[in-house]
2 protein chains.
Amino acid sequence: MTSQTELNHYSSEHNHNQCVSLALSTAQSLCNERGVLLTTIRYQVLTLIWESHKAVKAYELLDRLRPLQAAAKPATIYRALDFLIEQGLIHRVESLNAFVGCRCSDQQHEQLLLICKLCEQVDERPAPEVMSALLDESKQAGFMIHSKAIEIHGICIHCRTK
Amino acid sequence: MTSQTELNHYSSEHNHNQCVSLALSTAQSLCNERGVLLTTIRYQVLTLIWESHKAVKAYELLDRLRPLQAAAKPATIYRALDFLIEQGLIHRVESLNAFVGCRCSDQQHEQLLLICKLCEQVDERPAPEVMSALLDESKQAGFMIHSKAIEIHGICIHCRTK
DNA sequence: AGGTAATTGTTATATTATTACATCAGAACT
DNA sequence: AGTTCTGATGTAATAATATAACAATTACCT
């Protein structure tokens with residue numbers, strides 16, 4: 001493990017490694033199934049995102065990618081991010097201009113994001129009650145949903161009880 | 001009415017004028033009550049935002065403000081926006097990097113935003129069921145909420161039935 | 001191998017936002 | 001009236017985020 005130096009709430013490096021490699025192999029299979037290409041660059045960017053449980057900024061990713069891809073430029077990163085978002089492999093966190101790995105790639109992709117102001121980790125939750133209330137509300141308004149960004153900022157349970 | 005040239009769904013210019021002036025006078029009273037200063041610049045920026053029912057971008061506001069304030073610079077706009085957001089007089093739409101007038105200044109400020117991809121108008125809704133589901137979900141997660149951004153993109157009823 | 005579409009390289013630039021420091025205007029005090 | 005304090009604004013520079021346009025390369029299909 002190289003750049004994974006942030007503190008996080010996960011009990012051990014080992015667990016986090018497992019969690020990253022699970023995410024990566026899932027991503028790989030999904031791309032295979034879908035007949036889309038998880039190229040080296042895309043894989044590297046996805047890995048860099050997963051190595052943090054925090055949301056990561058595009059230019060931060062660029063800095064981390066450069067040792068692996070000397071030619072990397074902003075477009076390199078943004079293209080990889082576009083692809084990963086399209087495939088539902090990461091979330092864009094609108095209120096942070098940042099990106100976070102998505103645990104739910106094959107299921108329903110749009111989830112509630114709980115974003116901790118202290119540890120900066122992002123917890124994604126399917127929150128079915130919220131989603132169905134949202135559907136009801138939209139239906140009442142006659143609004144046809146294309147996409148959702150539901151981002152809650154606050155303090156997570158780990159930081160509160162510390 | 002000067003720069004209000006966009007099409008919108010509101011039945012007449014007159015109604016929209018009323019709706020703008022109501023928002024402005026409400027804003028004025030709120031600032032008085034709170035002992036904060038709705039200065040000329042702040043008032044002008046708020047007016048410019050209200051003259052559109054669409055979310056407006058910061059540099060667009062800057063362009064529209066300059067005829068009124070020759071010295072206006074980015075900082076001028078961003079400072080006014082910061083103030084208006086703090087006072088709950090506008091919303092920042094995170095997923096658009098844009099700003100929209102807030103109809104609910106004295107009530108609960110954080111609302112659901114329904115953002116139409118076609119007409120670009122933003123509808124704010126208190127959506128109590130969504131909010132309470134959100135509270136439940138946060139409670140379950142042990143998460144303490146500071147702020148919320150709930151932004152739904154899609155097609156509004158007016159654009160759908162046209 | 002040749003043709004095609006997708007991906008990446010490369011440069012430039014657009015868009016969004018902040019920082020830092022100077023100046024100014026008004027309220028509160030003496 | 002002058003002094004001081006505070007908040008607001010002026011001003012310049014720059015940081016941070018994102019896209020566009022076009023060339024070169026690679027992957028895939030037959």
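Letters go in sequence order (proteins before strands), and every chain restarts at 1. No experiment lies behind these values; they were computed from the predicted model shown.
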Separation of dA25(C) C1' from L37(B) CG (nearest whole Å): 11 Å
Nearest-neighbour nucleotide for the T76(B) side chain, dG10(D), dT7(C), dA18(D) considered: dG10(D)
Under 3.5 Å: donor-acceptor pair, side chain of E151(B), backbone of E94(B): yes
Near-parallel close stack of Y59(A) and dT17(D) base (under 5.5 Å, under 30°): yes
dT19(D) phosphate, OP1 or OP2, under 4.0 Å from Y78(A) side-chain N/O: no
Side-chain (S52(B)) to main-chain (I49(B)) donor-acceptor, under 3.5 angstrom: no
Touch class at under 4.0 angstrom, heavy-atom based, for A75(B) against every strand present: base
Nearest-Å distance for atom pair CZ/C1', residues F99(B) and dT16(C): 9 Å
Value in whole Å for how far the P atom of dT26(D) lies from CZ of R42(A): 16 Å
Minimum-distance nucleotide to A71(B) side chain [options: dT10(C), dG10(D), dT9(D)]: dG10(D)
Along DNA chain C (nearest heavy atom to each residue), the more 5'-positioned of A98(B) and Q69(A): Q69(A)
Protein-nucleotide distance (I77(B), atom CD1; dT9(D), atom P), rounded to Å: 11 Å
Any donor-acceptor N/O pair, E124(A) side chain to R103(A) backbone, under 3.5 Å: yes
Whole angstrom value for the distance that separates C1' of dT16(C) from NZ of K73(B): 18 Å
Atom-to-atom span, CG of L68(B) to C1' of dT9(D) - whole angstrom: 16 Å
N or O in side chain of K57(A) less than 4.0 angstrom from dT17(D) OP1/OP2: yes
Nucleotide dT11(C), atom P - distance to CG of L62(A) in whole Å: 14 Å
Sidechain-backbone polar pair: R125(B) side chain, L114(B) backbone, donor-acceptor under 3.5 Å: no
K117(B) atom NZ, over 12 foreign heavy atoms within 6.0 Å: yes
N/O (side chain, N97(B)) to phosphate O (OP1/OP2, dA17(C)) under 4.0 Å: yes
Separation of atom CG in L38(A) from atom C1' in dT8(C), rounded to whole Å: 15 Å
Phosphate OP1/OP2 of dT19(D) contacted by R79(A) side-chain N/O (<4.0 Å): no
